[in-house]
Novice: 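Take a look at the following structure, please.
The structure presented is a predicted model; accordingly, all values stated were derived computationally and were not measured. Residue numbering restarts at 1 for every chain, and letters A, B, ... go by the order of the sequence lines.
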Amino acid sequence: MTEETKQIHLNEYQRAAVLDESPACVVNANVGSGKTTVLIEKILYLHQEKQVPLERMVVLTFTNKAADEITERLMRREPQITSEQVQGFGTFHSVALRLLKDRLPVEQEGWTKEFTVMDPDEETDLALDIITEQGLKVKYRNRLKKRLEQEYQAYLTGKTESRYKDDLFRLYPLLLEEKKRQNKMSFADLLRVSMNLLSDGEWHPEWVIVDEVQDSDRLQLEFLEALCGPQKSAKLFAVGDPNQVIYSWRGTGENMFFLLKHRFGAKELTLPVNYRSNASILEAANRFLQFGEQIRGSREETGKIVVKNHYDPFQEAEYLAERIRTFHEKGEPYSGIAVFYRLQKQSEILVKVFERQGIPCELSVKKTLKDIPVLDWLVKVFRFSVNPADAQTAMQVLTDTRYGEKCTKKQAQDIVRRAIGEKGETSERIAAVTAVSGKAGGSDQFFRKMQGFQDYFSDRRTGEGESPSAEELFAYFGLKEMLHPTSAEYASDEEKVIGFLERMCTACSAGTGGRDFTDCVREFINSSALYGMKLDAGEKAADEEKGAEEADTDTVKLMTLHASKGLEFDTVFLTGMNQGLIPLRCRNFEQEEEERRLFFVGITRARNELELSWYTNPGEPGVLGEPSRYLQMIPQHLLKRDDVRTEEEKRNNLQQMRREVQEQIRKKRTESELKPEKKDLEKKEAGDEDLGKKETGDEVLGKEKAGSGTKPPEQRVRHRKYGEGILVSEDEMMVEVEFPGYGRKQFLKAFGEEEML
DNA sequence: GAGCTGTTCTTTTTT
DNA sequence: AGAACAGCTC
């Protein structure tokens, strides 16, 4: 091993993974087990010890964020590595795009090298246009995007009819044809087309390395196979965790980790040691592990997991604000604290209350280009400018009501059809457009600017000071007029546009000079379609320049459980641990298992403190005022039940209990008044129902027993309606009992309906 | 085309 | 549990 690798302290399992030489190897990497470190060391080991050039490796990630982390860490370890050498590092889609542009003969599949990348919504719009034009019968048009994706597999496997017996399968070939005609590819096309060309092509990398492989879908798996070649000429090293599959609802079905292992006949290694969470959190997490051996810890601390019950989401938010303030006063930074929830809309109350209470917080929602109207429009302008075959985008730019010259659909159609509908020389096209210019005035002029963009800038090269400036581009398109100078947003719009143009020009003048400027613009526009975040970084930089708030980085992070994957925090609050929310109402067993993995992912984000809370009054339909079953699945000795009850809640509970008891009494009375036959029938039905509920309850209890070996003595309670349960809490006025299958119930002692065993 | 019945999906989100 | 939709009847 090199000096560098020695400096990094790898455990024996990590070392084995780095040194492994199998043709295909999958590493089952538990949460917090140093997966990325292994990946980085593997790459360096291959590069430095095995003399594999970085250019001969393809390193694939699922998200841009992960791709950035890998290249950043790699370059920090080895500063002499250039960005040229890591061209094959990136997301599946960006690597596919690079291959299609640099190595693969896209012409064979019906596109030219100048193709552009479609926005995901664009494909659906195009499909709708085709449906209208061709008079196709397609059902569930509002769900067309999903249908197009989900039923493609069935279409490929030769099924003759779509699920709903409509014209969807006739749409697919028409859509593909249209995309070729307009010289653009959807995200899925990037993978499919490169897959086809790789399968019968010459070029293959020497090593294929994959991160978070459990998150890939079927198409990505096929892409991987094509990348490794029919004879598996490339070696495969994939890292993933089957216990962290939380996106299977987006596609697949099977667990991709094991499917990949099977398809490649790969050797499986494991990384069993967790370096993140304290012993209690790990012991709890182990109860939710679905694959592999128990996770081993590396820490001695056994702080308890706090479980709290709140009256409602509002009271919970107030409590959290107070609690977080205490943490902060004790010297913990806000940035070490995160609040998780199951549904996006749960964040509303939290944000409002935190803002009012002066707790700095940040909602983790991705900002894309589409959220900034003026940039959404500008990108379309460039998309057409660098791909004059893209009639669809041209139409969208011309008919946009917010920016540019106002133009009716009919006028836009005239302009676009005459210009690109018929093939011909540029001069002819322009002549044709000029012929209709009287009708649409400025629109037509702007259209010609876009269409003439490539010709106008064709002699410009990047790098040598020739490359156009942001101002030049702004003037070329006459953007001052197009951005509506009289509008209230003009100043901020102009700033955003100039900022975007500057970033584009900087990107175009970076790297090796002498390239065609318009090619660079196309590359920039294409990568911004795949990589919405880069613009986000620019936005942030602009904000900081304004000097808005510098202490902005020390904030509490609010996010969904899904968004928490891959992150870690000292302190984690997991809210809304209610039955019907965590887990969310499930239709089948697979869904339930995924909810459990989601909870597993959530709790394993915490390093030191974990607090779980549920509310008595969720105020959402379908969500029960009962604690999640998952709270019962955690060994009780790890928990510190610490209920915060307000007087209001107590009163409410009493009222609720009174109502319940009155209802029971009323029922009993009517029951006894009924005729004997009917009474028996009702009893039978009620009994059946009870049996069903008990079964699920026993299942939970059974799992709990199987999991926890060491259980503290519990006070058992019998109730004539709910059967046997476990005492949860007790005070001078009431008792709270957990019944398997019924959840938690509270009783007034005065009623004396429960019997201690 | 109003009114009915039956079915499916709803949440989570990346490229 | 409830909305949205498809397909049927009149």
Novice: Can you check whether any acceptor in the base of B:dT11 is under 3.5 Å from a donor in the side chain of A:Q591, or vice versa?
Specialist: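 A donor-acceptor contact between them is present.
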
Novice: Separation of A:E620 atom CD from B:dT12 atom C1', in whole Å?
Specialist: 15 Å

Novice: Among all residues two or more places apart in sequence or in another chain, which pass the side-chain hydrogen bond (donor to acceptor under 3.5 Å, both in side chains) test with A:K345?
Specialist: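 Result, side-chain hydrogen bond (donor to acceptor under 3.5 Å, both in side chains) vs A:K345: A:E620.
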
Novice: Quickly, which of A:K565, A:Q220, A:Q244 forms a side chain to side chain donor-acceptor pair (under 3.5 Å) with A:D215? Name it, please.
Specialist: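 Filter result, single survivor: A:K565.
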
Novice: Would you mind telling me which of C:dA4, B:dT11, B:dT15 lies closest to the side-chain atoms of A:P120?
Specialist: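 Selected nucleotide (nearest to the side chain): B:dT15.
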
Novice: Are the aromatic rings of A:F258 and A:F291 close, with centres under 6.0 Å apart?
Specialist: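 Here the rings of A:F291 and A:F258 have centres that are less than 6.0 Å from each other.
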
Novice: Let me know, please, whether A:T63 or A:R143 comes out on the 5' side of the other along DNA chain B by nearest nucleotide.
Specialist: A:R143

Novice: Given atom OH of A:Y247 and atom C1' of B:dT15, what is their separation to the nearest angstrom?
Specialist: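 To the nearest whole Å, that distance equals 12 Å.
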
Novice: Categorize A:Y140 for me: base, sugar-phosphate, or nothing, with a 4.0 angstrom heavy-atom threshold over every strand shown.
Specialist: sugar-phosphate

Novice: What is the distance from CZ of A:R585 to P of C:dA3, rounded to the nearest Å?
Specialist: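 After rounding, the gap between these two atoms is 14 Å.
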
Novice: Select base, sugar-phosphate, or nothing to describe what A:Q344 touches, counting heavy atoms under 4.0 Å on all strands.
Specialist: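 Contact class for A:Q344: sugar-phosphate only.
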
Novice: In whole Å, what is the span from the CG atom of A:D166 to the P atom of B:dT8?
Specialist: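 For the pair A:D166 CG and B:dT8 P, the rounded distance is 14 Å.
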
Novice: Quick one: which of B:dT15, B:dT13, B:dC9 gets closest to the side chain of A:H562?
Specialist: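 Of the candidates, B:dT13 comes closest.
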
Novice: Do we see A:F62 stacking on the base of B:dT15, given a limit of 5.5 Å between centres and 30° between planes?
Specialist: no

Novice: Using whole Å, what does the distance between atom C1' of nucleotide C:dA4 and atom CZ of A:R147 come to?
Specialist: 15 Å

Novice: Donor-acceptor pair, A:H93 side chain versus A:L190 backbone, under 3.5 Å?
Specialist: no

Novice: Rounded to whole angstroms, how far apart are CG on A:L148 and P on B:dT15?
Specialist: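 In whole Å, B:dT15 P lies 21 Å from A:L148 CG.
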
Novice: Measuring only the P atom in each nucleotide, how far is B:dT11 from C:dC5? A whole number of Å is fine.
Specialist: 13 Å

Novice: Let me know, please, whether A:Q150 or A:I246 comes out on the 5' side of the other along DNA chain B by nearest nucleotide.
Specialist: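 It is A:Q150 whose nearest nucleotide is closer to the 5' end.
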
Novice: Roughly how many Å is it from NZ in A:K145 to C1' in B:dT10, rounded to a whole number?
Specialist: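 To the nearest whole Å, that distance equals 17 Å.
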
Novice: Looking at A:K146, does any N or O in its side chain come under 4.0 Å of the phosphate oxygens OP1/OP2 on B:dT11?
Specialist: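 Checking A:K146 against B:dT11: no side-chain N or O falls below 4.0 Å of OP1 or OP2.
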
Novice: Can you tell whether the side chains of A:R342 and A:E595 come within less than 4.0 Å, N to carboxylate O?
Specialist: yes

Novice: Ignoring backbone atoms, test whether A:T91 places a side-chain nitrogen or oxygen under 4.0 Å from the OP1 or OP2 oxygen of B:dT14.
Specialist: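 No, no such contact exists.
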
Novice: State which of B:dT11, C:dA4, B:dT13 makes the closest approach to the side chain of A:N142.
Specialist: C:dA4

Novice: Counting side-chain heavy atoms from CB outward, which of B:dT13, B:dT15, B:dT11 is closest to A:R342?
Specialist: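 Shortest atom-to-atom distance from the side chain points to B:dT11.
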
Novice: Any base atoms under 4.0 Å from A:K565, or only sugar-phosphate, or nothing? Heavy atoms, all strands.
Specialist: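 The residue A:K565 makes no contact with any strand.
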
Novice: So which nucleotide from B:dT15, B:dT11, B:dT12 ends up closest to the side chain of A:N64?
Specialist: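 The answer is B:dT15.
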
Novice: How long is the line joining CG of A:L219 and C1' of B:dT14, in whole Å?
Specialist: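 Distance, rounded to whole Å: 14 Å.
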
Novice: Which pairs with one or both residues in residues 371-383 of chain A pass salt bridge (Lys or Arg N to Asp or Glu O under 4.0 Å), sequence neighbours excluded?
Specialist: A:E122-A:R383, A:K370-A:D376, A:D376-A:K380, A:D376-A:R402

